[in-house]
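Only a predicted model underlies this, so the values are computations on that prediction, with no experimental measurement involved.
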Amino acid sequence: MAGGAAVLGLLIGLPTGSSAGRSLSLAWYLSGSALLLGGFFVGNRGPSRPQGEGWMPFSMRRWVRWATPDEQRESISLSALLVVLGLVIIVLGVIADTRYPTT
């Protein structure tokens with residue numbers, strides 16, 4: 001994730017006149033923030049899950065079922081993973097940001 005964000009940040013930032021450090025830091029800030037948001041939404045998923053084929057968000061006929069304990073643990077684990085990865089990538093962005101001296 002961090003490598004892909006770095007390549008994309010450099011491909012977009014360097015032709016527009018930004019420095020490599022600024023391009024990397026901005027790409028890592030954005031991708032880390034997206035991971036944090038994803039972790040938040042995955043972690044706040046309720047205990048009900050859609051059931052059956054053809055479930056549509058705006059359908060009048062909705063069937064739901066309760067999530068199994070394994071599915072609930074998987075949601076919490078995925079949420080924790082996304083939040084930790086998001087924080088690590090944001091820290092990479094802070095390290096790459098050369099606008100402010102680190103003391």
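Applying the side-chain hydrogen bond (donor to acceptor under 3.5 Å, both in side chains) test to Asp70 and every residue at least two apart in sequence or in another chain returns Arg73.
To the nearest 0.5 Å, atoms CG (Leu30) and CG (Leu8) are separated by 9.5 Å. Atom OG in Ser79 sits 7.5 Å away from atom CG in Asn44 (nearest 0.5 Å).
The shortest heavy-atom contact between Leu35 and Gly86 is CB-CA, 3.8 Å. Across all their heavy atoms, Gly93 and Ser25 have their closest contact at O-CB, 3.3 Å. In terms of heavy-atom proximity, Ala5 sits nearest to Ala27 at O-CB, 3.2 Å. Contact record, Ala96 with Leu24: CB-CB, 4.4 Å, taken as the closest heavy-atom pair.
When side chains are defined from C-beta on, Gln72 does not count as touching Ser75, because their heavy atoms never get closer than 4.5 Å. Using a 4.5 Å heavy-atom cutoff, the side chains of Trp28 and Asp97 are not in contact. By the 4.5 Å heavy-atom criterion applied to side chains, Ile90 and Leu36 are counted as neighbours.
By the rule that hydrophobic residues join a cluster once side-chain heavy atoms approach within less than 4.5 Å of another member, Tyr29 and Val88 end up as members of separate clusters. Hydrophobic clustering places Ile89 together with Leu81 (ILVMFWY residues linked when any side-chain heavy atoms are closer than 4.5 Å, directly or through intermediates).
Not one N or O on the side chain of Ser48 forms a donor-acceptor pair closer than 3.5 Å with the backbone of Arg65.
When the shell of 6.0 Å around CD of Glu74 is examined, it contains 12 or fewer heavy atoms from other residues, nucleotides or ligands.
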